[in-house]
Protein chains: 2
Amino acid sequence: MTQLQRRRIPDAAVARLPVYLQILNNLHATNVVRFSSDELAALAGVNAAKVRKDLSYLGSYGTRGVGYEVTYLIHQIRRELGLMREWNVVVVGAGNLGCALAKFGGFAPRGFPVVGIVDNDPKKIGQLTGALKVSDVRNLQKLVRDLEVTIGAITTSTSAAQSAADALIEAGIASILNFAPIVLAIPSSVSVRNVDLGVELQILSYYEQMRIEQTDSKNQQESNAVPV
Amino acid sequence: MTQLQRRRIPDAAVARLPVYLQILNNLHATNVVRFSSDELAALAGVNAAKVRKDLSYLGSYGTRGVGYEVTYLIHQIRRELGLMREWNVVVVGAGNLGCALAKFGGFAPRGFPVVGIVDNDPKKIGQLTGALKVSDVRNLQKLVRDLEVTIGAITTSTSAAQSAADALIEAGIASILNFAPIVLAIPSSVSVRNVDLGVELQILSYYEQMRIEQTDSKNQQESNAVPV
DNA sequence: AGGGCTTCGTGCAGAATTTCACAAAGTTAA
DNA sequence: TTAACTTTGTGAAATTCTGCACGAAGCCCT
């Protein structure tokens, strides 16, 4: 059988493409027309060879001796990441974070309009958050189908997060952005990205402590040194 | 020279330890006393061998044939991650997100109290956000020294984020949690964790599109199949 | 036209990470 | 005590990711 399936981009490269895109959008806004892998590498804080390899997964869109064209590359990255269309988002959990996401207008212009928000609390159902009315979570399937939702954001309490995930998957969603500090049990056919500030802070804590210990042991060493 | 320096834990393992810790805290709350690497692996959604190897970086704290003790492991992970003490956080940027972080009480109990918030907008300086008064960013150095701040969270606009980072580093901060969608230019001695929902959504978008294309090509194949 | 210069694309080696597989070490039960 | 069973800890293989190094290809200047 002929290799019809799409060229697969390594996960690590996929995670960097949005960062490149962000930088290229900035370059474009400042009227930069062309860039070299060296320049993008410096801006992205990575190795130039890595930039070239990452971009080469999209195809050979550079010109040797010249570099890459900003607008053309933006187009290619957007195509590859699936950003030529909009992906509708539904928020599950109308708490502080959920409502903030629903009101925040920053995602629609970037291609991810929040088109619905649901909750299971009768007191919240029917209330307005920005332009959206909170729906009953039991209507999730219908809402997903009617509004062609493809991404679900879980902003419930930790205890409700797993059933929120179950409901989303039941409704046909295969992409989940999870804000609850819990590892969701989901089939491998579903993608999840976790956003957990506690985890991020704890990772920082580890390296911070590491630095402190190194400094301490150096000082220790110095004060132990026998003066000649 | 004797190997005084701390056993170094691989970055990938460091990033998983907070997740294990979260799960173990839950187990502890439900009165679970012991667990096996298989059980934790299932809960964390990873391979059991990986769990054992990750935990082995802390030392040999399991018992063969039995498993690990929840409370003891919690203690060891906390020690290793540097969670035996508090790490004070300062928020730079008193916008929606910055104020939300300052008001949100969820970090203090987990060892990361937000002890200050600064901005450069005279209209915001002096205002109250929760229990904190917004300080002038020019007082950052003093604030960091007086309140023993070790972590800075950047919640400014994108355009102000780099100077916020510069100010934090100038003030002696070496751990930054960055919410602005920009790659910060910082010396290698400083740790940064980026939290960018746009990036997360775009990664989801890639895999979502991938799935759709695969389904499409399968349907294509089926309809092309010659019936016998 | 041709030499010099720049920058891409990529093979390859090395590093990091993941996974397998199994001996070691413990428990349980008769 | 011994045999059967469980589960850890860890070498080693497999996989993924990174970074170097260099040929290929284009531009510019004379």
Side-chain angles (χ1 to χ4, degrees), chain A residues 7-20 23-24 27 32-77 80 183 188 203 206-207 210, chain B residues 7-20 23-24 27 32-77 80 183 188 203 206-207 210:
Chain A
R7 196 178 353 87
R8 197 187 153 68
I9 301 183
D11 290 348
V14 170
R16 281 187 297 267
L17 288 177
V19 177
Y20 298 155
I23 295 170
L24 294 183
L27 289 179
V32 175
V33 174
R34 256 196 284 275
F35 68 97
S36 69
S37 58
D38 266 320
E39 290 164 345
L40 180 52
L43 293 172
V46 301
N47 184 286
K50 196 189 284 184
V51 167
R52 290 199 295 276
K53 192 155 285 188
D54 287 345
L55 296 185
S56 79
Y57 295 125
L58 311 175
S60 289
Y61 297 132
T63 307
R64 297 174 191 215
V66 180
Y68 304 85
E69 250 192 70
V70 173
T71 52
Y72 192 55
L73 242 290
I74 287 176
H75 184 270
Q76 293 302 333
I77 295 179
E80 194 69 31
V183 180
S188 62
I203 294 172
Y206 172 82
Y207 292 105
M210 189 117 275
Chain B
R7 199 176 351 89
R8 197 187 155 69
I9 301 183
D11 291 347
V14 170
R16 279 187 297 267
L17 288 178
V19 177
Y20 299 154
I23 294 170
L24 294 184
L27 290 180
V32 175
V33 174
R34 256 196 283 277
F35 67 97
S36 68
S37 59
D38 266 322
E39 289 163 348
L40 180 51
L43 292 171
V46 300
N47 183 289
K50 195 188 284 182
V51 167
R52 290 199 296 277
K53 191 151 282 189
D54 287 345
L55 296 185
S56 79
Y57 295 124
L58 310 175
S60 289
Y61 297 132
T63 307
R64 298 176 188 214
V66 179
Y68 304 84
E69 249 192 70
V70 173
T71 54
Y72 191 55
L73 242 289
I74 286 176
H75 184 270
Q76 293 303 333
I77 294 179
E80 195 69 32
V183 180
S188 63
I203 294 172
Y206 172 81
Y207 292 105
M210 189 114 276

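Throughout, protein chains are lettered first and strands after them, A, B, ... in sequence-line order, and every chain is numbered starting at 1.
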Determine, step by step, whether A:L17 and A:I9 satisfy the side-chain contact (heavy atoms from CB on, under 4.5 Å) criterion, reporting the C-alpha distance in whole Å, the side-chain angles of both residues, the deciding distance to 0.1 Å, and the verdict. CA-CA 10 Å; A:L17 288 177; A:I9 301 183; 4.3 Å; yes
Test salt bridge (Lys or Arg N to Asp or Glu O under 4.0 Å) applied to A:D38 - qualifying residues, sequence neighbours left out: none
Describe, in one word, how the ring planes of B:Y72 and B:Y61 are oriented to each other, choosing from parallel (under 30°), tilted (30 to 60°) and perpendicular (over 60°). perpendicular
Side-chain H-bond candidate by donor/acceptor type, B:D11 with A:Y207, under 3.5 Å: yes
Checking C:dC8, D:dT10, C:dT18 against the side chain of B:A12 (C-beta onward), the nearest is C:dT18
Hey, does [Y] have a side-chain heavy atom less than 4.5 Å from the side chain of [X]?
{"X": "A:V14", "Y": "A:Y57", "value": "no"}
{"X": "B:V183", "Y": "A:L43", "value": "no"}
{"X": "A:T71", "Y": "A:H75", "value": "no"}

Nucleotide by nucleotide, 5' to 3', does protein get under 4.0 Å of the base (B), only the sugar-phosphate (S), or neither (-) in nucleotides 23-30 of chain C, counting heavy atoms? -BBSS---
How many Å lie between [atom1] on [X] and [atom2] on [N], as a whole number?
{"X": "B:I9", "N": "C:dT18", "atom1": "CD1", "atom2": "P", "answer": "14 Å"}
{"X": "B:R16", "N": "C:dA16", "atom1": "CZ", "atom2": "P", "answer": "15 Å"}
{"X": "A:D54", "N": "D:dG19", "atom1": "CG", "atom2": "P", "answer": "11 Å"}
{"X": "B:Y61", "N": "D:dG9", "atom1": "OH", "atom2": "P", "answer": "11 Å"}
{"X": "B:Y72", "N": "D:dT8", "atom1": "OH", "atom2": "C1'", "answer": "15 Å"}
{"X": "A:Q76", "N": "C:dG9", "atom1": "CD", "atom2": "C1'", "answer": "16 Å"}
{"X": "A:L40", "N": "C:dC8", "atom1": "CG", "atom2": "C1'", "answer": "13 Å"}
{"X": "B:L58", "N": "D:dT8", "atom1": "CG", "atom2": "C1'", "answer": "14 Å"}

Check DNA chain C against residues 43-53 of chain A and give the residues with a non-hydrogen atom under 4.0 Å, in numerical order. A:R52, A:K53
Spacing of A:K53 atom NZ and A:N47 atom CG [to the nearest 0.5 Å]: 10.0 Å
Here the gap from B:I23 atom CD1 to B:R16 atom CZ, rounded to the nearest 0.5 Å, amounts to 12.0 Å
Below the 4.0 Å mark, does [N] have OP1 or OP2 next to a side-chain nitrogen or oxygen of [X]?
{"X": "B:Y57", "N": "C:dT17", "answer": "no"}
{"X": "B:R34", "N": "D:dT6", "answer": "no"}
{"X": "A:S37", "N": "C:dT7", "answer": "no"}

